[in-house]
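Below is one structure, written out as structure tokens; the observations come after it.
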2 protein chains.
Amino acid sequence: MASGFEAHDHTDCIRTAMARVEKHCAEKSLRLTKSRRRVLELLLSEHKALGAYDILAQLAAEGWNAQPPVAYRALDFLVKNGFAHKLERVNAYVACINPDADHLPSFMICRDCDAVAEARSPAHARAFKAAAEAAGFEIEKTVLEAQGLCPSCQSAENETQR
Amino acid sequence: MASGFEAHDHTDCIRTAMARVEKHCAEKSLRLTKSRRRVLELLLSEHKALGAYDILAQLAAEGWNAQPPVAYRALDFLVKNGFAHKLERVNAYVACINPDADHLPSFMICRDCDAVAEARSPAHARAFKAAAEAAGFEIEKTVLEAQGLCPSCQSAENETQR
DNA sequence: TTTGATATGTTATAATATATCAATACGGAG
DNA sequence: CTCCGTATTGATATATTATAACATATCAAA
């Protein structure tokens, strides 16, 4: 599954995600313009978080004369429409893997290789939501992020310790 | 209880927290220096998140010639030792209300009045941790934040809508 | 085909955070 | 006590992240 740390067919994973976004945009009359599309492709091309300035650098390398607002506007669009998420802990962005409308995404972020996995089970997110609502708090947005070491970087650390 | 949105004896709440931190520092030979102490007091003086530059402004108003590193160093100390937390969603800091050593704090942040409450029940945090560990991810730090409207700002919104 | 709304281009700047290095203060060993 | 190593502070500069503002261009509906 594409949302974990496991290997998968990434080409397919990108294609599927793009198709889904295109469909959604068509249905909702959202304009998936050139810069928005390209930024989404860049995000999809890695299961890594990219900073806005990483994206700008990529665009520049492709010949765009891209100033900061270009990246931030595209990212705002993608985030607002649920095609990407911002990882607050690292000021970076990832493509959304989960097509559900109102999911409460949560992430595991590797501090070593920057890999990002979207957690599968929403149970803890729902529990948080329920706890907040029990306290009379009306949730509009949740930020659920874990930072640490992904499986392969744990192995790597163990290697070097020997 | 001091960690919710309810009214409470705030003077007492500050005093208790300061005493606890002082005790902890004495036991662990940590140096609660002038700037660290003052920054903690500023954080405790509100159940609100303060940005580093808010703190710098306060210090300046009190006659300190405080440059950014002063605030960031004090905040680093407080966060590292568990006396304060950073709210990643809003790039701001709150005093820690929960004296437990290894708690996994989670927060509710009002987007309207900036009030912050630390959630009481760690159940969702533990569930998240368990889910991550089940995926082979080794957690070092969690960021659990909900943004929305606190009870009193919900009422305020309803008033103005009439 | 005008119009209104949405998106882009461009410049500038705001807001948040850290690097660096010299000077000082602190606390334990002798 | 005084020396020494470490932790902390002072001060300047700069890096990183993000937005304001406004002119121009594009789209799609009347």
Side-chain angles (χ1 to χ4, degrees), chain A residues 21 25-40 42-43 48-60 62-81 83-94 109 111 114 143 145 147, chain B residues 22 25-40 42-43 49-60 62-81 83-94 109 111 114 141 143 145 147:
Chain A
V21 169
C25 285
E27 286 169 4
K28 300 270 175 94
S29 308
L30 297 172
R31 289 156 66 180
L32 188 60
T33 59
K34 194 176 143 199
S35 57
R36 291 167 176 176
R37 169 185 293 273
R38 188 68 195 126
V39 170
L40 177 56
L42 290 173
L43 292 180
K48 266 175 83 166
L50 293 179
Y53 284 77
D54 296 334
I55 288 166
L56 286 167
Q58 285 262 12
L59 294 179
E62 294 172 8
W64 303 48
N65 182 11
Q67 298 305 311
V70 171
Y72 284 104
R73 286 164 176 167
L75 290 167
D76 284 351
F77 171 86
L78 296 172
V79 169
K80 180 160 49 165
N81 293 292
F83 306 143
H85 301 293
K86 179 174 185 187
L87 301 182
E88 299 289 348
R89 174 65 176 169
V90 291
N91 296 318
Y93 302 81
V94 282
I109 308 166
R111 70 155 154 81
D114 293 332
V143 175
E145 300 172 10
Q147 197 168 32
Chain B
E22 277 164 5
C25 286
E27 285 168 6
K28 299 270 176 95
S29 307
L30 296 172
R31 289 157 66 183
L32 187 61
T33 59
K34 195 175 144 203
S35 56
R36 292 167 176 176
R37 170 185 292 273
R38 188 67 195 124
V39 169
L40 178 56
L42 290 174
L43 292 180
L50 292 180
Y53 283 77
D54 295 334
I55 289 165
L56 286 166
Q58 285 261 12
L59 294 178
E62 295 171 8
W64 303 48
N65 182 11
Q67 299 303 311
V70 171
Y72 284 103
R73 285 163 175 167
L75 290 167
D76 285 350
F77 171 86
L78 297 173
V79 169
K80 180 159 50 166
N81 293 292
F83 307 142
H85 301 292
K86 180 173 184 187
L87 301 182
E88 299 288 348
R89 174 66 177 170
V90 291
N91 296 317
Y93 303 81
V94 282
I109 309 165
R111 69 155 154 82
D114 294 330
K141 152 99 183 160
V143 175
E145 301 171 10
Q147 198 168 30

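Since we're looking at a predicted model, the values are computed, not measured. In what follows, every chain begins at residue 1, and chains take the letters A, B, ... in the order their sequences are listed. Atom set for the values below is all heavy atoms of this structure, side chains included, hydrogens, waters and symmetry mates excluded.
Under the rule for a side chain to side chain contact (heavy atoms under 4.5 Å, CB included), the partners of B/Glu62 that lie at least two apart in sequence or sit in another chain are B/Arg38, B/Leu42, B/Gln58, B/Leu59, B/Trp64. With sequence neighbours excluded, the residues satisfying side chain to side chain contact (heavy atoms under 4.5 Å, CB included) with B/Asn81 are B/Leu30, B/Phe77, B/Phe83. With sequence neighbours excluded, no residue satisfies ring-ring contact (aromatic ring centres under 6.0 Å, His included) with A/Tyr93. Remark: A/Arg37 pairs with A/Glu22 by the salt bridge (Lys or Arg N to Asp or Glu O under 4.0 Å) rule, at least two apart or across chains. A/Asp76 is linked by a side chain to side chain contact (heavy atoms under 4.5 Å, CB included) to nothing, counting only residues two or more places apart in sequence or in another chain. The salt bridge (Lys or Arg N to Asp or Glu O under 4.0 Å) test applied to B/Arg111 returns A/Glu140, B/Glu157, not counting sequence neighbours.
As a whole-Å value, the separation of A/Leu30 CG from C/dA5 P is 18 Å. One atom, CZ of A/Phe77, and another, C1' of C/dT8, lie 14 Å apart when rounded to the nearest Å. Protein atom CG of A/Asp76 is 14 Å distant from nucleotide atom C1' of C/dT8, rounded to whole Å. Between the CG atom of B/Asn81 and the P atom of D/dA7 there is a distance of 13 Å, rounded to whole Å. The separation between A/Leu75 atom CG and D/dT19 atom C1' is 14 Å, rounded to whole Å. Between the CG atom of B/Asp54 and the P atom of C/dA15 there is a distance of 11 Å, given to the nearest Å. The CG-C1' distance, from A/Leu50 to D/dT16, rounds to 16 Å in whole Å. For B/Leu56 and C/dT18, the CG to C1' distance is 13 Å, given to the nearest whole Å.
Rounded to 10°, the angle separating the first-five-pair axis and the last-five-pair axis of the helix from C/dT1-D/dA30 to C/dG30-D/dC1 equals 30°.
Sequence neighbours left out, the pairs with a member in residues 66-75 of chain A that pass side chain to side chain donor-acceptor pair (under 3.5 Å) are A/Asn65-A/Gln67. For residues 85-94 of chain A, every residue pair satisfying the salt bridge (Lys or Arg N to Asp or Glu O under 4.0 Å) rule, not counting sequence neighbours, is listed here: A/Lys86-A/Glu88, A/Glu88-B/Arg89, A/Arg89-B/Glu88.
Between B/Ser29 and B/Asn91, the residue anchored closer to the 5' end of DNA chain C is B/Asn91, taking for each the nucleotide with the nearest heavy atom.
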Enumerate the protein-to-nucleotides 9-13 of chain C contacts in which both atoms are nitrogen or oxygen and the separation is below 3.5 Å.
| residue | atom | partner | partner atom | Å |
| --- | --- | --- | --- | --- |
| C/dG9 | N7 | A/Arg73 | NH1 | 2.8 |
| C/dG9 | O6 | A/Arg73 | NH2 | 2.5 |
| C/dT10 | O4 | A/Arg73 | NH2 | 3.4 |

### Task
Spell out protein contact along nucleotides 24-30 of chain D as letters: B when the base is contacted, S when just the sugar-phosphate is, - when no protein heavy atom is under 4.0 Å; keep the 5' to 3' order.
---S---
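Remark: A/Leu50 CG to A/Asp114 CG distance equals 9.0 Å, nearest 0.5 Å. The CG atom of B/Leu78 sits 7.5 Å away from atom CG of B/Leu32, with the distance rounded to the nearest 0.5 Å.
The phosphate of D/dA18 has OP1 or OP2 within less than 4.0 Å of a side-chain N or O from A/Lys86.
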